[in-house]
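One structure below.
Everything numeric in this text was worked out from a predicted model, so none of it was measured.
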Amino acid sequence: MRNLYTLILSIFCFSVYSQGPEVVLIPKPQQMELRDGYFTIDKNTGFFFEPEFEIAGNFFQEFLENGAGFQLPKKSKNKAEIIIQKDTNQPTEGYSLNISDSKIRIKTNDASGAFYAIQTLRQLLPSSLEKADKTDKKLLSVPQLSITDYPKFKYRGMHLDVGRHFFDTEFVKKYIANIAMLKMNYFHWHLTEDQGWRIEIKQYPKLTEKGAFREETRVGHYEDKPETYDGKRYGGFYTQEEIKEVVAYAATQNVTIIPEIEMPGHAQAAIHSYPELGCTGKQVPVATTWGVFEDIYCPKEETFTFLENVLSEVMPLFPGEYIHIGGDEAPKLRWKNCSHCQQLIKDKNLKDEAGLQSYFIHRIEEFVNSKGKNIIGWDEILEGGLAPNATVMSWRGMQGGIDAAKQKHDVIMTPVSHAYFDYYQSENLDEPTAIGGFLPLKKVYAFNPIPHELTEEEEQYILGAQANVWTEYIPTEKQAEYMVFPRILAMSEVVWSGPSKNFDKDYPNFFSRVEGFMKRLDALDVNYANYLYEVEGRILKENGKVYYELTTPTKGKEIRYSKNNAATEIYSEPILVEKDTKITANVFKDGKELGRDFSEEIKYHKGITGEIEINVQPNPAYAAGGKEALINGISGSDKRYGDKEWLGFWGDDLEITIDLGKDMEVKSLKTRFFNSPGVWVYAPKVLTITGESSDGGKFVLGKQIMPKDSNLYDVEVDLSQYQGIKPRFIKLTIPSYGMIPDGLQGAGHNAWTFIDEIVVE
């Protein structure tokens, strides 16, 4: 008799037999017990599901028809081998799945639970079934097991911006199908932007006749100089019939669509179509570049009539409870210079333009509520007072969500630090152009949507989380998939299974499942980013010595490296670094090179063995390397401010202190700042360096940082004039640039400061 064995909870990726299929489930179930043996499905296997589980039943039949070439005969509950039955003891959206040698039995309390049980069963079947192939597969085997499963969060979302670049309905449906496979249940469809209005509104035909098309599109990154454009008219929109088609398809995938109609900002395409909606009444173009624009909706009665009429056509198309109304990045310059707006502020006894935006959002919310729906807005809708029934999407960080939850408002967490999939996901220089930032798979997996600042009572207002895909630099379907996968796998596990409680244990397990899941993505023709076989490097310091550690995320691989162009060696332990050093490496298996070449240059300077303190923590979105990144001998990218070597601070005055460990002669200090005004990043205006020795000797030197037309501000300070003082401590005082002035991108917001390696020589 075969020995039975059990693997519980945390072990989900392994071979059932040495020659058998892997059990690769993403997101992982709450509980799983694997048993010895298989259940076999063929064209004679009877199928029963109760009528309320029709979506799940139909999905499974179509999946088998397309991939295996047969459907299952419907039989009675007593005679069927695969059964989906009602069980009122199951939690909302939860299910139990039991596979024995004679039956597959699913128990659930609702249609969502039935659908998610089928998605689990789907992932237990061979990934080859994902390909449309009606050739009769005859026999299909699934391992015997039992699963108890339910979601951690009720809101599990993915977003897609079609305003900057347009994607047709077939791609949108594929996008929805892929998020459904991962048990995500909301699709946030960003339909209006400065660069294009994408939804047909019959009462206002100019929105799509004019507003859906821009005359050309900027080429390259927003910060590239000189500006260049492609000279090609670009655009597109969805008819209301196409919207209905996508919504109907989403229903078959158990996905609710949330449309976003931006207001009061990001409205230039609408104002181009109907100039009277703006404060100046002047014609403005559909935007041909990216960013934040001054022309926003003017809070006139005719504007509110327009928006109410638009929403009256939009809301019936989407049966879900939510309408997203944006509310973000709305510069107030036009309102400040508008006599109507200023009079309205007085008439309504509002404090300022922020209060006027709050009034604007309140008006829209009252209308949406009157139609039986609720609004969602980005966290700027908190400014000036939150609308009574609004749900907040916290994007600028976690604080907006914290504030809203403490006010007993529902919150969806989508912070730039962990949820913006338009950020770079690898430090390789051949990555496609992205807006900036650095968000690797590991960081997404480490996300916890529930802030520790909330009480247990306040935590209930965190509905869940969402990842966002803004498409300024994502012009094609293939690139959109590349930016989403595999990071969506990590987000799906965070919102379904729950945040990791033991990251060091959970992440390697997750990563091994990602490697196995790639076969399914291949079969689905998903263009995922494959950095499974990359080399990662980091500086280690111990007993005054510096080492360089190499790792690769997948197991069973070998790293080979070269130091300063010497002979290649097999990596076995951290590499000692005692001078300027260049490391090159790659990943091998069975003698075959798997990944891309890796290279790192380390500058060995006097600060590298020191200790560093900073008066404030870097912003979580730009803190991947931690404070040690400033004295680890490694410089950040010349083109990206968001890799793990650059540290970003939002509006903070900095004091950085380096303890060299002992008094020593210092001749110079070098560092550099990123300067990218289009994305709110400004080099500081001044830098002060203070040196202090153990016996109290001290020098103070101020350095003015002159503006220049460059993204990189290299700063070198000559300290040779202070040779009489041998400092142990070096302090850099760096005031923030301050508030961004009117007329510039990000006006009224704090500027970002990005600083790179501090080289002490």
Side-chain angles (χ1 to χ4, degrees), residues 538-548 564 576-582 600-618 625-636 638 644-649 652-675 683-706 708 712-736 753-761:
R538 65 168 182 156
I539 290 288
L540 301 177
K541 301 177 186 180
E542 185 176 344
N543 298 326
K545 292 187 177 182
V546 178
Y547 300 88
Y548 194 69
N564 293 328
L576 180 64
V577 176
E578 298 177 295
K579 61 181 180 179
D580 291 356
T581 300
K582 181 177 181 180
E600 191 85 272
E601 294 191 19
I602 304 158
K603 173 71 175 176
Y604 195 91
H605 59 87
K606 291 182 176 180
I608 198 170
T609 57
E611 296 181 356
I612 187 168
E613 294 296 334
I614 308 177
N615 65 315
V616 293
Q617 294 295 317
K627 62 185 180 181
E628 294 295 331
L630 298 183
I631 55 168
N632 65 359
I634 302 170
S635 293
D638 291 344
K644 64 183 180 183
E645 300 304 329
W646 288 94
L647 294 189
F649 302 84
D652 298 308
D653 295 329
L654 304 181
E655 286 188 0
I656 302 171
T657 302
I658 301 171
D659 180 355
L660 300 176
K662 62 180 180 180
D663 294 347
M664 60 177 66
E665 183 178 330
V666 173
K667 295 181 180 179
S668 70
L669 183 145
K670 301 175 185 176
T671 190
R672 61 180 183 167
F673 300 94
F674 215 90
N675 188 71
K685 301 171 186 176
V686 66
L687 165 68
T688 301
I689 299 173
T690 303
E692 188 169 355
S693 62
S694 298
D695 62 6
K698 186 175 181 180
F699 65 78
V700 180
L701 178 64
K703 174 76 173 181
Q704 189 173 3
I705 301 174
M706 302 303 295
K708 58 181 178 178
L712 294 173
Y713 279 37
D714 291 291
V715 178
E716 181 172 0
V717 182
D718 181 6
L719 301 176
S720 60
Q721 59 185 302
Y722 302 108
Q723 290 304 295
I725 300 173
K726 294 183 178 181
R728 172 175 174 172
F729 301 97
I730 296 178
K731 183 170 75 173
L732 289 74
T733 304
I734 308 167
S736 167
T753 302
F754 278 84
I755 184 170
D756 194 11
E757 183 76 5
I758 301 169
V759 179
V760 182
E761 293 185 308

Item to check | Pairs satisfying salt bridge (charged side-chain N to carboxylate O under 4.0 Å, His left out), at least one member in residues 725-736, at least two apart | outcome: Asp659-Arg728
Item to check | Minimum heavy-atom distance between Gly610 and Ile631, given as atom pair plus value | outcome: O-CD1, 3.6 Å
Next on the checklist: Quiz question: by atom type and distance under 3.5 Å, do the side chains of Ser694 and Asp663 form a donor-acceptor pair?
Outcome noted: yes
Next on the checklist: Quick check: do Leu669 and Leu732 have side-chain heavy atoms less than 4.5 Å from each other?
Outcome noted: yes
Checklist entry - Should Leu630 and Ile614 be marked as a side-chain contact (heavy atoms from CB on, under 4.5 Å) after you check the CA-CA gap, both sets of side-chain angles, and the distance that decides it? => result CA-CA 10 Å; Leu630 298 183; Ile614 308 177; 3.9 Å; yes
Checklist entry - Counting only heavy atoms not in Glu665, do more than 12 sit closer than 6.0 Å to its CD atom? => result yes
Checklist outcome for this item: On a heavy-atom basis, the closest approach of Thr753 and Ser736 is OG1-CA, 4.2 Å
Item to check | Rounded distance [0.5 Å steps], CZ in Arg672 versus CG in Leu712 | outcome: 5.0 Å
Checklist entry - Which atom names give the shortest non-hydrogen contact between Phe649 and Val616, and what distance separates them? => result CE2-O, 3.7 Å
Next on the checklist: Less than 4.5 Å apart, side chain to side chain, heavy atoms only: is that true for Ile689 and Tyr722?
Outcome noted: no
Next on the checklist: Please determine whether side-chain contact (heavy atoms from CB on, under 4.5 Å) holds for the pair Glu628 and Ile612, giving the CA-CA distance in whole Å, both sets of side-chain angles, and the decisive distance to 0.1 Å.
Outcome noted: CA-CA 7 Å; Glu628 294 295 331; Ile612 187 168; 3.9 Å; yes
Next on the checklist: Measuring from atom CD1 of Ile758 to atom CD1 of Ile658, what distance do you get when rounded to the nearest 0.5 angstrom?
Outcome noted: 4.5 Å
Checklist entry - Which atom names give the shortest non-hydrogen contact between Phe699 and Pro727, and what distance separates them? => result CE2-CG, 4.1 Å
Next on the checklist: Using only atom types and a distance under 3.5 Å, with no angle test, would you say the side chain of Thr581 pairs donor to acceptor with the backbone of Asn564?
Outcome noted: no
Next on the checklist: Other residues, nucleotides and ligands only: do more than 12 of their heavy atoms fall within 6.0 Å of NZ on Lys698?
Outcome noted: no
Checklist entry - Is there a side-chain contact between Ile602 and Ile608, using heavy atoms and a 4.5 Å cut-off? => result yes
Checklist entry - Do side-chain atoms of Ser668 reach the backbone of Asp718 as a donor and acceptor pair under 3.5 angstrom? => result no
Checklist entry - When rounded to the nearest 0.5 angstrom, what is the spacing between NZ in Lys703 and CD in Glu716? => result 8.5 Å
Item to check | Separation between OG1 of Thr609 and CG of Asn543, rounded to the nearest 0.5 Å | outcome: 12.0 Å
Next on the checklist: Working to the nearest 0.5 angstrom, can you tell me the gap between Leu719 CG and Leu701 CG?
Outcome noted: 6.5 Å
Checklist entry - Side chains of Glu645 and Asn632: does their closest heavy-atom pair fall under 4.5 Å? => result yes
Item to check | Inter- and intrachain pairs under ring pair (Phe, Tyr, Trp, His ring centres under 6.0 Å), touching residues 655-675, at least two apart | outcome: Tyr641-Phe674, Trp646-Phe674
Checklist entry - Below 4.5 Å, heavy atoms only, C-beta onward: do Tyr713 and Pro684 meet side chain to side chain? => result no
Checklist entry - Any donor-acceptor pair under 3.5 Å linking the side chain of Asn615 with the backbone of Asp653? => result yes
Checklist entry - Which residue pairs satisfy the salt bridge (charged side-chain N to carboxylate O under 4.0 Å, His left out) criterion with at least one member in residues 603-616, sequence neighbours excluded? => result Asp580-Lys603, Lys603-Glu761, Glu613-Lys627
Checklist entry - In Å, rounded to the nearest 0.5 Å, how long is the span from CZ of Phe729 to CG of Leu660? => result 8.5 Å
Item to check | Pair Ile539-Tyr548, side-chain contact (heavy atoms from CB on, under 4.5 Å): steps then yes or no | outcome: CA-CA 5 Å; Ile539 290 288; Tyr548 194 69; 3.7 Å; yes
Next on the checklist: For the backbone of Gly633 and the side chain of Glu757, can you confirm whether one donor and one acceptor N or O come within less than 3.5 Å of each other?
Outcome noted: yes
